[in-house]
Undergrad: 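Please read through the structure below; I'll follow up with questions.
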Amino acid sequence: MKIGIAAFHLFRSNKHGMDIAALELIKELSSLKLPHTFYIFSMHGPDDHLLDHLPGIKVIHMPKVPYPVAEQVVLPLLAHYYGLDLLHCTTNTAPLLCAVPTVTTLHDVIFLEYKLSRYRSMYHKMANLYRKIIVPHAVKNSKRIITVSGTEIHSIFRYMPKAVSKLDMIPNAIAAHFYQCEKEDQPVNLVLPERYIFFHGNGDPKKNMDGVLKAFAHLVDTGKADFKLLLSESDEKVLLKTLLRLNLMQIKDHIVAAGYIQNNLLPAVYRKALVFLYPGIRESFGLPIIEAMACGTPVITSNKSALPETAGDAAIYINPDDPIQLAEAIDFLVHDDVTRQDLIAKGIIRSKMFSRLNTAQATVNVYESVLKGRSKTQVSSIKTV
């Protein structure tokens with residue numbers, strides 16, 4: 001069978017959650033040596049050769065056109081041209097009109113929750129508008145809908161109750177190099193502080209960088225911060241703007257804003273951190289939590305949305321709206337070695353539940369259920385004629 005996988009940003013250098021999830025899925029599908037050929041539809045980028053020489057994988061580079069044109073016009077034409085039996089769209093949206101049976105991964109419906117999706121850039125506002133228009137139709141037209149947590153199943157049901165009969169819950173998987181981190185430190189091309197706590201998240205309000213900075217300021221002001229705060233995804237310009245807005249410039253010298261950190265460098269960053277912070281306000285899964293756990297780093301996360309579902313009993317939970325509670329949790333975990341070692345051990349066990357193999361096999365089961373359904377329909381049509 002010919003199966004298409006649409007992951008348009010797969011080859012860009014600054015990959016994020018959905019790109020990484022798609023990449024790990026594709027790698028594992030190749031390693032399974034299935035009787036299928038996988039056609040990967042993606043835009044050109046610095047990592048164009050990332051999937052070269054993987055068996056069963058054919059990369060089709062999309063033309064340089066706006067994303068909506070690529071997805072709504074070019075992708076259906078290419079799906080027909082290559083004679084696909086199935087198309088899997090991995091980033092929430094899908095073509096409105098496509099002759100090929102479609103599976104769509106709907107990571108979340110945060111874009112429908114206006115208060116939590118107030119992005120600061122026009123780009124993100126337009127992207128949200130596109131999702132609001134396309135997703136209800138994609139859900140209606142897709143044969144199956146994959147989402148990443150039970151929490152998100154409930155969220156999808158709230159907005160699109162008819163989708164529930166099509167939903168399959170398949171958690172995200174982390175890359176193999178995070179599990180290797182458990183055994184040994186890997187070289188890192190970054191200058192890291194000697195002692196630091198680590199926050200991996202951008203300025204999107206749902207990530208709660210404001211809460212992290214307020215909590216850290218409390219630790220600095222009370223003389224309890226004998227370590228730095230390392231931020232990824234945010235550079236010095238973003239940090240300065242945020243500190244000015246929050247009136248927290250006094251903590252600037254205690255913070256290192258590293259900007260985007262390549263995924264292959266993250267294991268060493270997690271490993272060296274005293275604590276990993278992921279106190280999100282609204283998350284559909286929380287992949288960095290599992291990455292940190294696999295690297296043997298204790299985690300503090302939020303008691304909201306899907307994060308307790310992901311972290312299980314292997315994290316300390318706080319109210320993300322209470323910076324003082326977060327500060328107290330950081331101070332406790334940095335200094336309580338018994339709790340640290342307990343969380344590290346539990347986290348390593350927890351992380352192994354989210355392997356690439358489990359995710360890939362569950363996804364293949366979805367593909368095959370759709371392909372079998374299509375075969376039955378074809379046979380039925382022939383008999384009718």
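In this text, all values refer to a predicted model and were calculated from it rather than measured experimentally. Values reported hereafter were calculated over all heavy atoms of this structure, with side chains retained and with hydrogens, waters and symmetry mates removed. For the single chain, residues carry numbers from 1 onward in sequence order.
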Undergrad: Below 4.5 Å, heavy atoms only, C-beta onward: do C89 and T102 meet side chain to side chain?
TA: yes
Undergrad: Kindly say whether L106 contributes a backbone atom to a donor-acceptor pair with the side chain of T147 at under 3.5 angstrom?
TA: yes
Undergrad: Say you draw a straight line from OG1 of T93 to CZ of F111; how long is it, rounded to the nearest 0.5 Å?
TA: 9.0 Å
Undergrad: L326 vs I300, test: side chain to side chain contact (heavy atoms under 4.5 Å, CB included). Steps then yes/no.
TA: CA-CA 8 Å; L326 175 56; I300 297 173; 3.8 Å; yes
Undergrad: Quick one: do V269 and I290 end up in the same hydrophobic cluster if we chain Ile, Leu, Val, Met, Phe, Trp and Tyr together by side-chain heavy atoms under 4.5 Å apart?
TA: yes
Undergrad: Could you walk me through whether L219 and F227 pass the side chain to side chain contact (heavy atoms under 4.5 Å, CB included) check?
TA: CA-CA 10 Å; L219 293 172; F227 45 80; 4.1 Å; yes
Undergrad: Other residues, nucleotides and ligands only: do more than 12 of their heavy atoms fall within 6.0 Å of CG on D52?
TA: yes
Undergrad: Are I146 and M18 grouped together when hydrophobic residues (ILVMFWY) are joined by side-chain heavy atoms under 4.5 angstrom apart?
TA: no
Undergrad: Does the distance from a Lys or Arg side-chain N to an Asp or Glu carboxylate O, for K2 and D85, drop under 4.0 Å?
TA: no
Undergrad: For a quick test of reading the model, state the closest non-hydrogen atom pair linking P267 to H177 and the distance between them.
TA: CG-CD2, 3.4 Å
Undergrad: R271 side chain to C295 main-chain N or O, any donor-acceptor pair under 3.5 Å?
TA: yes
Undergrad: Which value, rounded to the nearest 0.5 Å, describes the distance between D331 atom CG and H218 atom NE2?
TA: 8.5 Å
Undergrad: State whether R282 and D108 are salt-bridged, where the test is any N-O pair (Lys NZ or Arg NE/NH1/NH2 against Asp/Glu carboxylate O) under 4.0 Å.
TA: no
Undergrad: Say whether F216 and L230 are linked into one hydrophobic cluster, either directly or through other cluster members, by side-chain heavy-atom distances under 4.5 angstrom.
TA: no
Undergrad: Can L75 be reached from V100 by stepping across I, L, V, M, F, W or Y side chains whose heavy atoms are under 4.5 Å apart?
TA: yes
Undergrad: Can you find a side-chain donor-acceptor pair between S31 and E28 that sits under 3.5 Å?
TA: yes
Undergrad: Within the structure provided, determine whether M209 and T242 are in side-chain contact (heavy-atom separation under 4.5 Å).
TA: yes
Undergrad: Hydrogens and angles aside, do S305 and E283 bring a side-chain donor and acceptor to less than 3.5 Å of each other?
TA: no
Undergrad: Using 4.0 Å as the upper bound for N to carboxylate O, is an ion pair formed by D342 and K346?
TA: yes
Undergrad: Does R195 reach the main-chain N or O of D226 with its side chain, forming a donor-acceptor pair under 3.5 Å?
TA: yes
Undergrad: Counting distance only, does the side-chain N/O of N208 pair as donor-acceptor with the main-chain N or O of I281 below 3.5 Å?
TA: no
Undergrad: Could you report the tightest heavy-atom contact between P55 and S30, atom names first, then the distance?
TA: O-OG, 2.8 Å
Undergrad: Could you report the tightest heavy-atom contact between G150 and E309, atom names first, then the distance?
TA: N-OE2, 2.7 Å
Undergrad: Between Y67 and F8, does the ring centroid distance fall short of 6.0 Å?
TA: yes
Undergrad: Kindly indicate whether the side chain of R158, heavy atoms from C-beta on, has any atom under 4.5 Å from the side chain of E113.
TA: yes
Undergrad: So which heavy atom on A163 is nearest to which on V139, and how close?
TA: CB-CG1, 3.3 Å
Undergrad: Are V364 and L51 connected, step by step, through hydrophobic side chains (Ile, Leu, Val, Met, Phe, Trp, Tyr) whose heavy atoms are closer than 4.5 Å?
TA: yes
Undergrad: With a 3.5 Å distance limit and no angle check, can you tell me whether T105 reaches the backbone of T90 through a side-chain donor-acceptor pair?
TA: no
Undergrad: Find out whether F11 and P46 are in side-chain contact, i.e. whether some heavy atom of one side chain is under 4.5 Å from a heavy atom of the other.
TA: no
Undergrad: If you take all heavy atoms of G211 and P323, which pair is closest and at what distance?
TA: O-CB, 3.9 Å
Undergrad: The test is side chain to side chain contact (heavy atoms under 4.5 Å, CB included); show your working for Y39 and I5 and say whether it passes.
TA: CA-CA 6 Å; Y39 291 74; I5 298 179; over 6 Å; no
Undergrad: Under 3.5 Å, side chain of R340 to main-chain N/O of L274, donor-acceptor pair present?
TA: yes
Undergrad: Start with the C-alpha distance between L277 and F198, add both sets of side-chain angles, then the distance that settles side chain to side chain contact (heavy atoms under 4.5 Å, CB included), and finish with yes or no.
TA: CA-CA 6 Å; L277 308 178; F198 181 34; over 6 Å; no
Undergrad: Has the side chain of D47 got a donor or acceptor atom that lies under 3.5 Å from a matching backbone atom of L50?
TA: no
Undergrad: Tell me whether K207 is salt-bridged to E233, with the criterion being a basic N under 4.0 Å from an acidic carboxylate O.
TA: no
Undergrad: With side chain to side chain donor-acceptor pair (under 3.5 Å) as the criterion, how do E24 and T359 come out once you've worked through the C-alpha distance, each side chain's angles and the decisive distance to 0.1 Å?
TA: CA-CA 9 Å; E24 296 310 312; T359 295; over 6 Å; no
Undergrad: State the CD1-OH distance between I60 and Y81, to the nearest 0.5 angstrom.
TA: 9.0 Å
Undergrad: In terms of heavy-atom contacts, does NZ of K143 have more than 12 from other residues, nucleotides or ligands at under 6.0 Å?
TA: no
Undergrad: Do I316 and L343 have side chains that get closer than 4.5 Å, going by heavy atoms?
TA: yes
Undergrad: Starting at NE2 of H88, measure out to CD1 of I26 and round the result to the nearest 0.5 Å.
TA: 9.5 Å
Undergrad: Can you tell me how far apart CG (D221) and CG (L248) are? Round to the nearest 0.5 Å.
TA: 8.0 Å
Undergrad: Working to the nearest 0.5 angstrom, can you tell me the gap between L25 CG and F38 CZ?
TA: 8.0 Å
Undergrad: Does the side chain to side chain donor-acceptor pair (under 3.5 Å) test come out yes or no for Q325 and Y317, once each step is laid out?
TA: CA-CA 10 Å; Q325 188 180 126; Y317 293 99; over 6 Å; no
Undergrad: Is a donor from one side chain sitting under 3.5 angstrom from an acceptor on the other, for S42 and H61?
TA: no
Undergrad: Do we see a donor-acceptor contact under 3.5 Å between the side chains of N141 and H137?
TA: no
Undergrad: Contact between L29 and L34 at the side-chain level, heavy atoms closer than 4.5 Å - yes or no?
TA: yes
Undergrad: Just to verify, which of Y179, F276, F199, Y196 counts as forming a ring-ring contact (aromatic ring centres under 6.0 Å, His included) with Y270?
TA: F276
Undergrad: Is there a side chain to side chain donor-acceptor pair (under 3.5 Å) between S284 and H107 once you walk through the steps?
TA: CA-CA 7 Å; S284 63; H107 291 267; 5.6 Å; no
Undergrad: Look at the side chain of S142 and the backbone N and O of I145, then say whether any donor-acceptor pair between them is shorter than 3.5 Å.
TA: no
Undergrad: Is any side-chain heavy atom of V275 closer than 4.5 Å to one of T297?
TA: no
Undergrad: Do H16 and D19 have side-chain N/O donor and acceptor atoms under 3.5 Å apart?
TA: no
Undergrad: Would you confirm whether S355, through its side chain, and K352, through its main-chain N or O, come within 3.5 Å as a donor-acceptor pair?
TA: no
Undergrad: So do L229 and V256 actually touch side chain to side chain, heavy atoms under 4.5 Å?
TA: no
Undergrad: Taking all non-hydrogen atoms of both residues, which atom of G286 and which atom of T310 are closest, and how far apart?
TA: O-CG2, 4.0 Å
Undergrad: Report yes if the distance between the aromatic ring centroids of H200 and Y278 is under 6.0 Å, otherwise no.
TA: no
Undergrad: For the pair D210 and R245, find out whether any cationic side-chain nitrogen is under 4.0 Å from an anionic carboxylate oxygen.
TA: yes
Undergrad: Determine yes or no for a side-chain-to-main-chain donor-acceptor pair under 3.5 angstrom, with Q72 supplying the side chain and A94 the backbone.
TA: yes
Undergrad: Can you establish whether the number of heavy atoms outside M249 located under 6.0 Å from its atom CE is more than 12?
TA: yes
